[in-house]
Each structure stands twice: as C-alpha cells, then as structure tokens.
4 protein chains.
Amino acid sequence: MAEHTALLFSIATGSPDPIYRQLIEQVKRLCAAGVLKPGDTLPSVREVAQALAVNPMTVSKAYNLLEMEGVLERLRGQGMQVAQRRRQGKGEREALLRPALERAAREARQLELDDATILELFKQVLKEAT
Amino acid sequence: MAEHTALLFSIATGSPDPIYRQLIEQVKRLCAAGVLKPGDTLPSVREVAQALAVNPMTVSKAYNLLEMEGVLERLRGQGMQVAQRRRQGKGEREALLRPALERAAREARQLELDDATILELFKQVLKEAT
Amino acid sequence: MAEHTALLFSIATGSPDPIYRQLIEQVKRLCAAGVLKPGDTLPSVREVAQALAVNPMTVSKAYNLLEMEGVLERLRGQGMQVAQRRRQGKGEREALLRPALERAAREARQLELDDATILELFKQVLKEAT
Amino acid sequence: MAEHTALLFSIATGSPDPIYRQLIEQVKRLCAAGVLKPGDTLPSVREVAQALAVNPMTVSKAYNLLEMEGVLERLRGQGMQVAQRRRQGKGEREALLRPALERAAREARQLELDDATILELFKQVLKEAT
DNA sequence: GTGGTCTAGACCACC
DNA sequence: GTGGTCTAGACCACG
C-alpha cells in the first residue's frame, strides 16, 4: 500500500511556487477528492524524494506542515497516514479549485479574449488532461 | 504634470510578493482598465520611489520588466510611456493563457470534479471577473 | 538646397543606440555614398530636430562630433557643409557596411540557420528595402 | 566541482557595454560553441562574482536575463543549468534574425552599394563567421 | 531632467 | 549551499 501512491505526486519544475507547497496542495486535493482516505498511509519521505528527484528535506517539510494543519498524522516509526474526518463535500472541493480558476480568469481578461473562446480553450485543455 | 499618476500606485509592505511585482501587476491592471492609455507617460522612477518610500532601483526594475514585456516604451530622456497596443494575434494570446488553464485542469482532476461542474464553476468565476 | 536633405535622416526610436550616434553614422554613410557631396550644406539643427521630433541639442551634438571628425565644416553663421575630400571608394563603403553584416551573421549563427536560408531571407529584406 | 567553469568567464573593465551584458554574451557563445551543453551546471553567482571581483547582483542579473531568454534554467537550491534546447521553429528563428538584416539593408542602401556587391560581401562575412 | 549600471552589505526563502 | 529582494548611495550617458 506504499508503492501505489508514489505516482500520485508530481512537481512542475518550472513553476514559480516552491516544491514543498506544490506537494502540500496536492495532498490536500487528493484527500479532498477521496483518493487518499483517512487511514491511508503515505509513501515515505525517502520514496517520494527519490521518485521526484527531490531533496528529502523538502518532502519532510511538506509532511510536517501537513501534520501541523491536521491533514496528516504521524504513525510513530511507521510514516504518516491521512488523518480522520478529512472527507470533504463537493462544495469544499470546488472552493479548493477556485483560486486556480480565478487566476486563469484574470489572465484571460487581461488578454482580452472573449468568454466563448476562453471556455472553448478550457474544454480542450480539460479533454487533453483526462 | 507630476501629480496625475503618483497616487495611482500603492504597495502592500506585508505582502508575500515583492514590491517590483506588485508594481508590475498594478501597471498592467491600470492599462487593462483603460486608466492608463497608450501614449500616457508614467511618473518617473524617482517620483514613484519617493512617493512610495521605496528604493529607485526597485521601481526601475519594474519599469524595465514592463518594457521587456512590451507594456511600456522608453521615451529617451523623457521617461516611460504606455506602449501602443501591439495587439498580438488571437492564437498567440490563447497560447499565453494555456498554462493557467492547464494548471486549473490538473488541479480539478485531482479533486475529482466532473467536467460539467468544473465548467459551470469557471463560467461563474468568469462572470465575477468581468 | 536645405529642404531636400531633411528627409534623408531617420531615427529608429526602438534602437538601443543613442539618437546622436544614429545621426552621425547616417551622415557618414550618405557622404561615403556620394549622396552628400563636398560643399553641400546640411539642414539646420532646428530643421532636423523638428522633422525628427528630437531635441535640438541632440542634433547639435551629432553635428559637433562630425565636425570634430572632419566630416563636416562649420560655415560661420550659415550652418554646416560637407567637408572637402570625403569622397570614398567602393572598398571603403564596404568596410562601413561590414559591422552591420557581421552582427547579422553572428546572430544568424546563434540561431542555427543554414546559409541558404539566411541569404534567401536577406535577399527578401533587401528587396523590401528598395 | 567549482574549478571547472570559473575560468570560462572574463570581463573587459574598459568595455563600453555593461558587465552583465558581457556575461550574457559569453554564456550564449559558450552554449553555441558547445562548451556548455544542456544540463551543465553553471558556477554559482557568488563564485563568479568573487572570481571576477564583481558584485553578486551583477552576475545575478545576467543569470536572470539568461533564464528569461530560456538559455538557462533555475535548479532550485542548486544553481543554474544550461536549458534543454527548446528548439524554436524555423519561422520564429527567421523572425528573430530579421531586425539585424533590416538594419544591414538600410545601411547598405544609404551607402548606395548594389545588391550583388552587398550579397557577395555578406557571403564572405558568413563564411568567416563559420 | 530621464533611466542604466554598479557597489557594499543586509535579510529571506528554498533545498 | 543556492538565488531573490531590497537598501543607500554613487556615477554615467542621454536628451
């Protein structure tokens, strides 16, 4: 149950925001979506670090912050697991998506593209990302 | 001729993003909103620096980057002015929008929201951003 | 004889090199080509400045430097004229052109374009510039 | 791991063009020449700054601009590396070359050289620049 | 007057 | 360790 999740994580090296933040938000989204369920164990720091070619300290930092936020729980000597009662309704998941959509909308406005074009392009992108 | 725009800029000292970025975004927004029109001259580096109690180099960096992006033009010895709309083709503008859409799509997938929900939410966000 | 030459000058506002340098090199080329012949009078500082929408001091600086170089001569109270013995052979004119060609060649190499493509493009540009 | 590239850089203190530009051109040339290959890491800002007795910000500015141009990539906490050749399309590369060719053409016209001569000279320059 | 460059030295975030 | 940001203050080129 540890090797199946390593593939769930990915980082965008070209992104402006730090790796540990990318990891944190990914875990949160996966929990919100139910892909990661309460009680699931997460891949070890070393596994993730190796799979993503990242410094272990970076992964550790993400896990620590997630523990402080109550998203994860430390299993003394056995890694981390998803904390209880983190299941989120559709509304909450939509709220998590909003920032990214708002950013896209803001940029679209500045580029002066009309809504039809924007939506069409987004549909296309969504299809590719399936 | 100095009082016309100095008040347009403001910075949030406690903000996570750097001052020069805040300035850049502001100029872009002012241009997009039509407050700054092509041909308008901007307050000098020194004026802005003094008005905001910031180092001139910081303002200079913002102006510089805005020039590189084609938003501003240097007026040799007379400061900077808003560039004539070198309106890019629609295809190019769509390409510029793609990264933001792709990011949103990736996050939406991880949240396991269905396409209809995602698109509906995006339409709503777009409407709010008008 | 003063109004016919004003049109000979032009400046590229987007160019990285200063206006007075652009003017200097243009006068040199026009002299080398024989368009401006020894004894020809040049348009006054004021005329050029107005025609190009440039600060008169800038034009004046160019004229002064050209006088120092011996390209122009001051006609006490009657403007400047092209100095004697400045007619140049074809070889010298080619030498004047070289820097621009070398720059283009260097950039072309960095862009990894093959010679045939480069030359074809240049022929096209030459035709447009006729 | 520090001695491999420090010696590659050098600056001409008496040069008309700024230090950061000299560094930029050098890196580009080293990349073009194959001395620096995609994936190679560059000496750190501090190393270069010390080796050249220059302010770190100056080196940083050069690296920064090279990143914006896509020549270098940031390696989060591990310095900069030469970017993977994101080879642009031929059309785009030709567009990038045009300005230099147009400038050369304009100058050639003012020198009143005939097209055959110009092209012959350009071929020669191209051969020398190989 | 304008912006451009550079310095010396500080502090911060990230890995 | 890495690069990023900012400051204070200097000097220069251009118009």
Side-chain angles (χ1 to χ4, degrees), chain A residues 11 13 15-23 49 52-62, chain B residues 1-2 11 13 15-23 41-49 52-64 66-67 72-81, chain C residues 11 13 15-23 49 52-62, chain D residues 1-2 11 13 15-23 41-49 52-64 66-67 72-81:
Chain A
I11 52 166
T13 57
S15 167
D17 46 287
I19 297 173
Y20 80 92
R21 272 247 135 268
Q22 293 184 44
L23 290 175
L52 301 181
V54 157
N55 192 313
M57 267 187 54
T58 307
V59 183
S60 180
K61 182 173 181 178
Chain B
M1 280 247 180
I11 52 168
T13 55
S15 168
D17 50 300
I19 297 174
Y20 80 92
R21 273 249 135 266
Q22 294 183 42
L23 290 176
T41 66
L42 280 86
S44 79
V45 167
R46 291 161 170 84
E47 275 178 316
V48 178
L52 300 180
V54 171
N55 190 299
M57 265 199 73
T58 305
V59 182
S60 181
K61 184 173 183 178
Y63 276 13
N64 219 319
L66 282 165
E67 191 208 3
L72 300 185
E73 278 171 359
R74 221 187 303 281
L75 223 41
R76 296 176 183 262
Q78 302 176 72
M80 316 282 286
Q81 76 174 13
Chain C
I11 53 168
T13 57
S15 168
D17 45 289
I19 296 173
Y20 81 92
R21 273 247 135 270
Q22 293 184 43
L23 290 176
L52 300 180
V54 157
N55 192 315
M57 269 187 54
T58 307
V59 183
S60 180
K61 182 173 181 178
Chain D
M1 280 243 179
I11 52 168
T13 54
S15 167
D17 51 299
I19 297 173
Y20 80 89
R21 273 249 137 263
Q22 293 183 43
L23 290 175
T41 66
L42 280 86
S44 79
V45 168
R46 291 161 170 83
E47 274 178 316
V48 178
L52 300 181
V54 169
N55 189 299
M57 264 199 76
T58 305
V59 182
S60 181
K61 184 173 182 178
Y63 277 14
N64 219 317
L66 282 164
E67 192 208 3
L72 300 185
E73 278 171 359
R74 221 186 304 280
L75 224 41
R76 296 172 183 264
Q78 300 177 74
M80 314 283 285
Q81 76 173 14

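In the text below, chain A, chain B and the rest are named by the order of the sequence lines, each starting its count at 1. Keep in mind that the numbers below use all heavy atoms, side chains included, and drop hydrogens, waters and symmetry copies.
Spacing between atom CG of C:Leu52 and atom P of F:dG15 amounts to 12 Å, rounded to whole angstrom units. Atom CD in D:Gln78 sits about 11 Å away from atom P in F:dT2, given to the nearest Å. Between the CG atom of B:Leu42 and the P atom of E:dT2 there is a distance of 13 Å, rounded to whole Å. Rounded to a whole Å, the CG atom of B:Asn55 is 5 Å from the P atom of F:dT7. Distance CD (B:Gln22) to P (F:dT5): 12 Å, rounded to an integer number of Å. In this structure, the CG atom of B:Asn64 is 12 Å from the P atom of E:dC6, given to the nearest Å. Between B:Leu66 atom CG and E:dG3 atom P there is a gap of 13 Å when expressed in whole angstrom units. Remark: P of E:dC6 and CD1 of D:Ile11 are 9 Å apart, rounded to the nearest angstrom.
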Problem - Trace of the side-chain contact (heavy atoms from CB on, under 4.5 Å) decision for A:Ile19 with A:Leu52 - result: CA-CA 10 Å; A:Ile19 297 173; A:Leu52 301 181; 5.9 Å; no
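Of the candidates F:dG15, E:dC15, E:dT7, E:dC15 carries the atom nearest the A:Pro18 side chain, counting heavy atoms from C-beta on. The side chain of D:Tyr20 lies closest to E:dT5, out of F:dT7, E:dT5, F:dG15. Here the side chain of B:Met57 is nearest to one of E:dC15, E:dT5, E:dT2, namely E:dT5.
Judged by atom type and distance alone, D:Arg46 reaches the base of F:dG3 through a side-chain donor-acceptor pair under 3.5 Å.
Where D:Ser60 and B:Thr58 each meet DNA chain F at their nearest nucleotide, the meeting point lying more 5' is that of D:Ser60. Two residues, A:Asp17 and B:Gly77, neighbour DNA chain E, and the one matched to the more 5' nucleotide by heavy-atom proximity is B:Gly77. Mapping C:Arg21 and D:Val45 onto DNA chain F by nearest heavy atom places D:Val45 closer to the 5' end of the strand. Between D:Leu75 and B:Tyr63, the one whose closest nucleotide on DNA chain E sits nearer the 5' end is B:Tyr63.
Judged by Watson-Crick or G-U wobble contacts below 3.5 Å, the nucleotide E:dC14 has F:dG1 as its partner.
Taking every heavy atom of both residues into account, B:Ala49 and B:Asn55 meet most closely at CB-C, 4.1 Å. Nearest heavy-atom pair, B:Met80 versus B:Glu67, reported as atom, atom and distance to 0.1 Å: CE-CB, 4.0 Å. Minimum interatomic distance between B:Thr58 and B:Tyr20 (heavy atoms only, all atoms of both residues): O-CB, 3.7 Å.
Between B:Arg76 and C:Ser15, some side-chain heavy-atom pair lies under the 4.5 Å cut-off.
Note on D:Val54: only backbone sugar-phosphate atoms sit closer than 4.0 angstrom, heavy atoms only; bases stay farther off. Across all strands, A:Ile19 comes closer than 4.0 Å only to sugar-phosphate atoms, never to a base (heavy-atom distances).
Rounding to the nearest 0.5 Å gives a distance of 6.5 Å between CD1 of D:Ile11 and CD of D:Gln22.
Applying the 4.0 Å criterion to OP1 and OP2 of F:dT5, one finds that B:Lys61 has a side-chain N or O inside that range. At the phosphate of E:dC15, OP1 or OP2 sits under 4.0 Å from a side-chain N or O atom of D:Arg76.
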